[in-house]
Protein chains: 2
Amino acid sequence: MPAEANRDKAAKTEADAPRTTPASPLTERQEARRRRILRASAQLAVRGGFDAVQMREVAESSQVALGTLYRYFPSKIHLLVAMMQDQLERLHGTLRRKPPTGETAAERTAETLMRAFRALQREPHLAEAMVRALTFADRSVSPEVDQVSRQTTAIILDAVGLTGPTPDQLAAVRVIEHTWHATLIAWLSGRASLDQVKTDIETVCRLMDLTAPKETDTP
Amino acid sequence: MPAEANRDKAAKTEADAPRTTPASPLTERQEARRRRILRASAQLAVRGGFDAVQMREVAESSQVALGTLYRYFPSKIHLLVAMMQDQLERLHGTLRRKPPTGETAAERTAETLMRAFRALQREPHLAEAMVRALTFADRSVSPEVDQVSRQTTAIILDAVGLTGPTPDQLAAVRVIEHTWHATLIAWLSGRASLDQVKTDIETVCRLMDLTAPKETDTP
DNA sequence: CGCCGACCTAGAACAAGTTTCAGAGTTGAT
DNA sequence: ATCAACTCTGAAACTTGTTCTAGGTCGGCG
């Protein structure tokens, strides 16, 4: 069934390659290829982490030529960051279905992050691959990394229960995110224990007062 | 003057290669080589950042064979992390000579970090090289990365003016460090403005209350 | 019907980090 | 002075990410 042609035409008029951003609509077949690639990458990552995701192997596993792989994901980093976007979306969905139950904002945030952390713990190699990619990303991956960052912010804001955060609250959320990332990295490279992760996360959630604006008054 | 031999012997008895850790004392010549290598790396890094530090070029610039370079620094990451250790020591020295002047611990900490930040700003490529290496480091570099982390902690504790920090205070310092790192990364990859860096650093320093223990009482 | 253009494939080629190896060079001990 | 045990050198080889080239496939259109 030639459902592909007209869309290919559309893609052509706008850009040369399918982007990871929502910009260009992909053919069904192309969507399928993209999913195959991401799935193959995830499988490899689960087994051996960042180093095990080798572009030639990804191409072979997903039954795609190397050149095609690079057309879909312009670098290994792009590929792994896209994988992270995938996983984050899934996580956000799960969290929406089963929101955290803590009393205070700090408790809910810590609970959310620890839940995410336990999910990552289950596949540490996968986590390592994604996080390494994320932190190694240079300017050419900024848009994608930014998207990941926004998604993380959204997850935390959901946990807190804020819809219209003040700039101060946004800054606090950023600090929490930073701690989350850095702790994750320290844990993945064996420099922090599980306890330390837990402590740090709880510390930052407790101390970043998210319930009220800091500078302005709230009568 | 053959002051080299006995020390080489000493080195041999203990390990195969000179480590970056204080473990094995190096010959003068070896010290000189090591410094040449670090200097050459820094020069290359200043020019073009992480990518410009190419092992072949470093070897050539420092007049050392490639194999020798790898004997001193088992990987590019090790090399760049060692560069960071160097710079941090220098910074710590400077800070000791001219300590921050703020009234509160939070102010002094923020001042210290912003001063470090401005130093990095002067050589953004150098900063990029070091930070990329630091965050990309895997387990094999743990000891060195850990050393960097300890040095950073020491600098912050100096700024705060604490000598015997409580576990809670150490956790708070870790959160500050995490924020510092993550902000730096975001800035280097163009995802955060100078203002945002400043805001985040000040936010975390302000909110991480370092003046008194959190759990235990202070009569 | 047969050609066009976009996409895809296979595979070579290139770049940079890393490893390897044979042959010097050094140095302390005998 | 010679030896043994190192370290250093120079160059090639190997690995993996990335790019390039030449040709193949497919759907729509003249």
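Labels below follow one simple rule: chain letters A, B, ... track the order of the sequence lines, proteins then strands, and each chain is numbered from 1.
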Novice: In whole Å, I'd like the distance from the CZ atom of A:Arg56 to the C1' atom of C:dA10.
Specialist: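 Checked: the CZ to C1' distance equals 13 Å.
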Novice: Any side-chain heavy atom of A:Gln85 sitting closer than 4.5 Å to one from A:Gln147?
Specialist: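 Yes, side chains in contact.
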Novice: Could you pick out which residue, A:Leu69 or B:Lys76, lies toward the 5' side of DNA chain C when each is mapped onto its nearest nucleotide?
Specialist: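 By nearest-heavy-atom nucleotide position, the 5'-most residue is A:Leu69.
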Novice: Taking atom C1' of D:dT19 as reference, at what distance in whole Å does atom NE2 of A:His78 sit?
Specialist: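 After rounding, the reported distance stands at 16 Å.
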Novice: Out of D:dT18, C:dT9, C:dC7, which nucleotide sits closest to the side chain of A:Arg71?
Specialist: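 Side chain of A:Arg71 sits closest to C:dC7.
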Novice: Minimum heavy-atom separation for B:Thr112 and B:Pro100, please, with both atom names.
Specialist: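 Shortest heavy-atom separation between B:Thr112 and B:Pro100 comes out as OG1-CG, 3.3 Å.
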Novice: For B:Glu57 and C:dA15, what is the distance between atoms CD and C1' respectively, to the nearest whole Å?
Specialist: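 Those two atoms, CD and C1', are 12 Å apart.
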Novice: Considering only C:dC7, D:dG17, D:dC8, which nucleotide approaches the side chain of A:Gln30 most closely?
Specialist: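 The listed nucleotide nearest to A:Gln30's side chain is C:dC7.
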Novice: Is any side-chain nitrogen or oxygen of B:Arg33 closer than 4.0 Å to OP1 or OP2 of D:dC8?
Specialist: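 True: B:Arg33 side-chain N/O within range (under 4.0 Å) of D:dC8 OP1/OP2.
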Novice: It should be established whether A:Thr68 places a side-chain nitrogen or oxygen under 4.0 Å from OP1 or OP2 of nucleotide C:dC8.
Specialist: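 Checking C:dC8 against A:Thr68, no side-chain N or O comes under 4.0 Å of OP1 or OP2.
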Novice: A:Tyr72 side chain N/O closer than 4.0 Å to the phosphate oxygens (OP1, OP2) of C:dC7?
Specialist: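 No, outside the criterion.
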Novice: So, under a plain 3.5 Å distance rule, would you say the side chain of B:Arg29 forms a donor-acceptor pair with the base of C:dT26?
Specialist: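 Looking at the base of C:dT26, it does not pair with any donor or acceptor on the side chain of B:Arg29 (distance under 3.5 Å).
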Novice: Judged by each residue's nearest nucleotide on DNA chain D, which is more toward the 5′ side, B:Gln63 or A:Leu66?
Specialist: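 It is B:Gln63 whose nearest nucleotide is closer to the 5' end.
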Novice: Without hydrogens or angle criteria, can the side chains of A:Asp138 and A:Ser140 be said to hold a donor-acceptor pair below 3.5 Å?
Specialist: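 There is such a pair (donor and acceptor under 3.5 Å, judged by atom type) between the side chains of A:Asp138 and A:Ser140.
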Novice: Go through it in stages, so that I can follow the logic: the residues are A:Arg35 and A:Glu31, the test is salt bridge (Lys or Arg N to Asp or Glu O under 4.0 Å), and I'd like the CA-CA distance, side-chain angles, deciding distance and then a yes or no.
Specialist: CA-CA 6 Å; A:Arg35 272 195 301 271; A:Glu31 233 347 291; 3.5 Å; yes
Novice: How would you label the contact of A:Val58 with the nucleic acid (heavy atoms, under 4.0 Å): base, sugar-phosphate, or nothing?
Specialist: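 No contact at all - A:Val58 keeps every heavy atom at 4.0 Å or more from the nucleic acid.
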Novice: Closest to the B:Met55 side chain: C:dT18, D:dT18, C:dT9?
Specialist: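 In terms of side-chain proximity for B:Met55, the closest of C:dT18, D:dT18, C:dT9 is C:dT18.
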Novice: Can you measure B:Leu79 atom CG to C:dT18 atom C1' for me and round it to whole angstrom units?
Specialist: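 Going from CG in B:Leu79 over to C1' in C:dT18 covers 14 Å.
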Novice: Without decimals, in angstroms, what is the distance between A:Asp51 CG and D:dC14 P?
Specialist: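 Value for this atom pair: 21 Å.
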Novice: Do A:Thr153 and A:Glu177 have side-chain atoms, one donor and one acceptor, less than 3.5 Å apart?
Specialist: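 Looking only at side-chain atoms, A:Glu177 and A:Thr153 do form a donor-acceptor pair, the distance falling under 3.5 Å.
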Novice: Starting from P on D:dT18, measure out to CG on A:Asp138 and report it in whole angstrom.
Specialist: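 Taking CG of A:Asp138 and P of D:dT18, I get 10 Å after rounding.
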Novice: Rounded to whole angstrom units, what separation is found between the OH atom of A:Tyr70 and the C1' atom of D:dT19?
Specialist: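 Rounding to the nearest Å, OH of A:Tyr70 and C1' of D:dT19 are 9 Å apart.
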Novice: Which is true for A:Glu60 with a 4.0 Å heavy-atom rule: it touches a base, it touches only sugar-phosphate, or it touches nothing?
Specialist: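 The residue A:Glu60 makes no contact with any strand.
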Novice: Atom CD of B:Gln54 and atom P of C:dC14: how far apart are they, to the nearest Å?
Specialist: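 Nearest whole value for this atom pair: 17 Å.
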